[in-house]
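This structure is a prediction, so every number in the text was calculated from the model and none was measured.
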Amino acid sequence: MDCTVLKFNHCGRKIYSFDKNRLQTENTGRKCPICQEQMRFSLLEAPVIVPCPFSNGHKVRCAFLIGSSLGPAFLCEWQDSELHVGVTNSQGVVYSYTSSGVQREEQGWEQCLCVPLVAPGTSRGSLAGTLWDSELEQFSLLPTWSRHRFEEEREFGSCCYGFALSFLNQLRRAEGRESVTRDDFTQQHVLPHVKTASKYITVYQEIHQHGFYVADL
């Protein structure tokens, strides 16, 4: 998804379009897709950029990532494709559990959903830095995450999600905090990102097909 989405109000509606016509939209050269009149905007009415929910996971340190081999358009509620999750270290290397064991990837997660696991600005000498990296590397070497046990873990619904959440819970216990259940983590952290992505994908696809998307204020 390479185009930036813009939003502006006209005719009592929210109208979305791609930014390739932004300068034209901001002035007087574009007609409203609803009333077909020339659009003029004050400074406060100017089109705004809709934040894209997808991030380059390799640039988000110490985060829980949700990706799809089929691309970001499949990171939504209604797609039946299998998602893949991983955890980044402080350098943006993604650790994920696959049928080949734990993978360490420096590319391939450029468009995914990111759930930061540490507060921004945390010092690199803490669990957001060298300690995090060493804990993640040691955790990835446990026999539990060998390729020979992948199908066993998959049978119990664990696999890549279980790897990432188990690592997070290991850190929580080391800090004296209670473990978080899969249901709670999904409800509190994963689903909000997926829902936001689903709305964005809907708007993006409608613009791509029709040239714009209209919603009620």
- Task: Decide yes or no on side-chain contact (heavy atoms from CB on, under 4.5 Å) for Ser69 and His84, but give the supporting numbers first.
- Result: CA-CA 8 Å; Ser69 61; His84 190 45; over 6 Å; no
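- With sequence neighbours excluded, no residue satisfies side chain to side chain donor-acceptor pair (under 3.5 Å) with His193.
- Shown here are the side chain to side chain donor-acceptor pair (under 3.5 Å) partners of Ser146, two or more places apart in sequence or in another chain: there are none.
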Which atom pairs, one a donor and one an acceptor, fall under 3.5 Å between side chains of residues 102-118 and the rest of the protein, sequence neighbours left out?
residue, atom, partner, partner atom, Å
Arg104, NE, Glu137, OE1, 3.2
Arg104, NH1, Val102, O, 3.4
Arg104, NH2, Glu137, OE2, 3.3
Arg104, NH2, Ser140, OG, 2.9
Glu105, OE1, Trp109, NE1, 2.8
Glu110, OE1, Gly108, N, 3.0
Glu110, OE2, Gly108, N, 3.1
Gln111, OE1, Met1, N, 3.3

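- With sequence neighbours excluded, the residues forming a side chain to side chain contact (heavy atoms under 4.5 Å, CB included) with Lys7 are Lys14, Tyr16, Val48, Val50, listed by chain and number.
- Hydrophobic clustering of Ile, Leu, Val, Met, Phe, Trp and Tyr side chains at less than 4.5 Å, counting indirect connections, keeps Phe167 apart from Leu141.
- Atoms SG and CD1, from Cys76 and Ile201 in turn, are 4.0 Å apart once rounded to the nearest 0.5 Å.
- Shown here are the side chain to side chain contact (heavy atoms under 4.5 Å, CB included) partners of Val180, two or more places apart in sequence or in another chain: Leu165, Leu168, Asn169, Arg172, Asp184, Phe185.
- Here salt bridge (Lys or Arg N to Asp or Glu O under 4.0 Å) pairs that include residues 86-99, with residues two or more places apart or in two chains, number zero.
- Atom OG of Ser166 and atom CZ of Arg182 lie 10.0 Å apart (nearest 0.5 Å).
- By the ring pair (Phe, Tyr, Trp, His ring centres under 6.0 Å) test, Tyr204 pairs with Phe18, sequence neighbours left out.
- Here the CZ-CG distance, from Arg61 to Asn89, works out to 10.5 Å after rounding to the nearest 0.5 Å.
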- Test side-chain contact (heavy atoms from CB on, under 4.5 Å) on Phe139 and Trp145 and set out the steps. CA-CA 9 Å; Phe139 182 79; Trp145 313 114; 3.3 Å; yes
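- The cluster map of Ile, Leu, Val, Met, Phe, Trp and Tyr, joined by side-chain heavy atoms under 4.5 Å apart, puts Val93 and Val60 in different clusters.
- Counting heavy atoms of neighbouring residues, nucleotides and ligands inside a 6.0 Å radius, atom CD of Gln36 exceeds 12 of them.
- Evaluation of the side chain to side chain donor-acceptor pair (under 3.5 Å) rule for Thr88 yields no partner, not counting sequence neighbours.
- Within the structure, salt bridge (Lys or Arg N to Asp or Glu O under 4.0 Å) pairs that include any residue of residues 206-217 comprise Arg13-Asp216 (at least two apart or interchain).
- Closest non-hydrogen pair, Phe8 versus Ser17, comes out as CE2-OG, 3.8 Å.
- In terms of the side chain to side chain contact (heavy atoms under 4.5 Å, CB included) criterion, residue partners of Cys35 (sequence neighbours excluded) are, by chain and number, His10, Cys11, Cys32, Glu37.
- When all heavy atoms of Gln205 and Ala73 are compared, the pair lying nearest together is NE2-CB, 4.3 Å.
- A heavy-atom distance below 4.5 Å is found between the side chains of Leu171 and Trp132.
- Under a cut-off of 6.0 angstrom, the local environment of NE2 in His210 is crowded, with over 12 non-hydrogen atoms contributed by other residues, nucleotides or ligands.
- For the residue pair Arg147/Ser99, the side-chain donor-acceptor check at 3.5 Å is not satisfied.
- The backbone N or O of Leu70 lies less than 3.5 Å from a partner atom in the side chain of Ser68, making a donor-acceptor pair.
- Between the SG atom in Cys62 and the CG atom in Leu136 there is a gap of 8.5 Å [rounded to 0.5 Å].
- Between Arg149 and Pro143, the shortest heavy-atom contact is CD-O, 3.6 Å.
- Transitive grouping of hydrophobic side chains (ILVMFWY, heavy atoms separated by less than 4.5 Å) keeps Val85 and Leu191 in distinct clusters.
- Put simply, the side chain of Leu75 does not reach to within 4.5 Å of the side chain of Val194, judged on heavy atoms.
- Interatomic distance, NZ of Lys199 versus NZ of Lys195, reported as 8.0 Å (0.5 Å rounding).
- Taking 4.5 Å as the limit, some side-chain heavy atom of Leu65 sits within range of a side-chain heavy atom of Val94.
- Put simply, the side chain of Tyr200 does not reach to within 4.5 Å of the side chain of Pro51, judged on heavy atoms.
- At least one side-chain heavy atom of Ile15 sits under 4.5 Å from a side-chain heavy atom of Pro33.
- A search for salt bridge (charged side-chain N to carboxylate O under 4.0 Å, His left out) contacts involving Lys59 returns nothing, not counting sequence neighbours.
- Listed by chain and residue number, nothing satisfies the side chain to side chain donor-acceptor pair (under 3.5 Å) test with Thr98 (two or more places apart in sequence, or in another chain).
- Residues Tyr161 and Thr186 bring a donor and an acceptor atom of their side chains to less than 3.5 Å of each other.
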